[in-house]
Amino acid sequence: MKTVGSSTSKPKPPHWLLAELTYACPLQCPYCSNPVDFANYKNELGTEDWKRVMREARKMGATQLGFSGGEPLVRTDLEELIAEARKLGFYTNLITSGVGMDEKRVKAFREAGLDHIQVSFQASNAELNNFIAGTDAFQHKIDMAKAVKKHGYPMVLCFVLHRQNEIYVKDILDLAITLDADYVELATTQYYGWAYHNREYLIPTREQLQNAEKVAKEYQDKLKGKMKIYYVIPDYFEKRPKRCMDGWGSIFLTINPDGTALPCHAARQLPGLTFPNVRNHSVDWIWNESPDFNKFRGLDWMKEPCRSCPEKEKDLGGCRCQAFMLTGDAANADPVCDKSPHHQKLVDEVDRIGRLAGKPELESKPIVFRNVKNSKKIIAAKTATTV
Amino acid sequence: MLKESDRKLTPDARPAISGTHRFQWEEVQNCHVILYPEGMVKLSASAAEILKRCDGMKSARAIVDDLNKQYPGADLEKDVFKFLETAHENGWIQYK
């Protein structure tokens, strides 16, 4: 079959299934990757639908399953879904804030067959953590991290870094050592969804990044073989884009709470997609046949400067969502690349924010926390401008 | 207590798949794999033969003997020990 991409053979099967079980979340992090209009999507998939999705993806060859959200703990059928996933042979990952968990549930998940729990922290101290999360969760997270270790899980601690907490990287890593984390993800804020909306509040300064990189490197060396530390430089500070999701429709399959299937969790904003839904289609059709999943596969969709670039197979033109958000066309080169005609605009914006960081004209702007009220406000404002 | 990562392989050590990793056959990949948080490693047939025997009961020496018996003619000790050391460094196995 000839697909929209350049490949004539069947695509490789998905490796990762990200099950976004719900958009409900007790936290309000202003960098959340959920869409800003999440309040529009209420019709959550039921237990049996999720089981079918897992079964179909597993049959195709997916091995990693992430339960995510929103906050997946909100789902009362989580134990049941974990048990089913484990029965199917998935390596099951729970990606959680820890809010909504207690030690009893940590134990019940283990018995159901959960392999790994990733607990997110907003900062290394209670005050900043609770401010960013919009709720007093810090002490509870500490308790849950201890419970995760106690019950024999490998533990990944995830800290999303941005200008408000970037200076605390050392404290963050010291906290991870205290909690005996197996892996630490110093996740750099990706500017989609709420993070894009709040980017002036979140984009770090170049100086902060240099320091964070230095500290991360020092701890990586010091803890080699004991604790694995992941640190990547944020896209906005690079000159070449990253191979986003390791390629569109290449290894990663996200299912939104309402059943919409996406090649990455930010892709819902892209125009021209039809958003296939697992309620109407099999996972196999969505992955192999749907126009959306074939849209940016291969290299044929590329424009200049990507089309004639010798590095096109290495980075596949970077991120489609970033290209759309920063240039208005998802088929453009990711402007992170300095060959993009839009690159300078991005550099200027990062520099402008760097110059104003710490000054009231930037810092006193209101942060838009991720909650239903603000989501509805954003939807109303968008509707008003498009009518 | 000595941290697992600091322990060294001896002929008497009894390797077992670590509790934080999973070793299983993958039909679609047509090979054995090691699964861990957010990652997967595909294994060669010989790596899989060694890991299949890492049950926490057999010593490293017994694993070598068993493999030598199954594949006569080749002295596998050096290769098996080298692989076990790498597997331990990667956190796939622990020594009981």
**Item:** Pick from B:G91, B:G19, B:G39 with the largest number of heavy-atom pairs that fall under 4.5 Å of chain A
**Value:** B:G39
**Message:** Can you confirm whether more than 12 heavy atoms, excluding those of B:Q70, are under 6.0 Å from its CD atom?
**Reply:** yes
**Shortest non-hydrogen contact between B:P37 and A:N93, atoms and distance** = CA-OD1, 3.7 Å
**Request:** Select one option (side chain, backbone, both, neither) describing which atoms of B:Q24 are under 4.5 Å from chain A's heavy atoms.
**Result:** side chain
**Message:** Can you tell me which portion of A:F90 sits under 4.5 Å from chain B's heavy atoms? Options are side chain, backbone, both or neither.
**Reply:** backbone
**Prompt:** Taking only residues two or more places apart in sequence or in another chain, which ones pass side chain to side chain contact (heavy atoms under 4.5 Å, CB included) with A:M155?
**Reply:** A:A145, A:V148, A:K149, A:L157, A:L179, A:A181, A:D182
**Message:** Test side chain to side chain contact (heavy atoms under 4.5 Å, CB included) on A:H116 and B:R22; report intermediate values, then the result.
**Reply:** CA-CA 11 Å; A:H116 148 231; B:R22 187 122 60 82; over 6 Å; no
**Message:** Testing the basics here: between B:T20 and A:Y91, what is the closest heavy-atom pair and its distance to 0.1 Å?
**Reply:** O-OH, 3.2 Å
**Message:** Checking an interface table here. Which of residues 53-63 of chain A come within a heavy-atom distance under 4.5 Å of chain B?
**Reply:** A:R58, A:K59, A:M60, A:G61, A:T63
**Message:** On a heavy-atom basis, which atom in A:Q64 and which in B:M40 lie closest, and how many Å separate them?
**Reply:** NE2-N, 4.4 Å
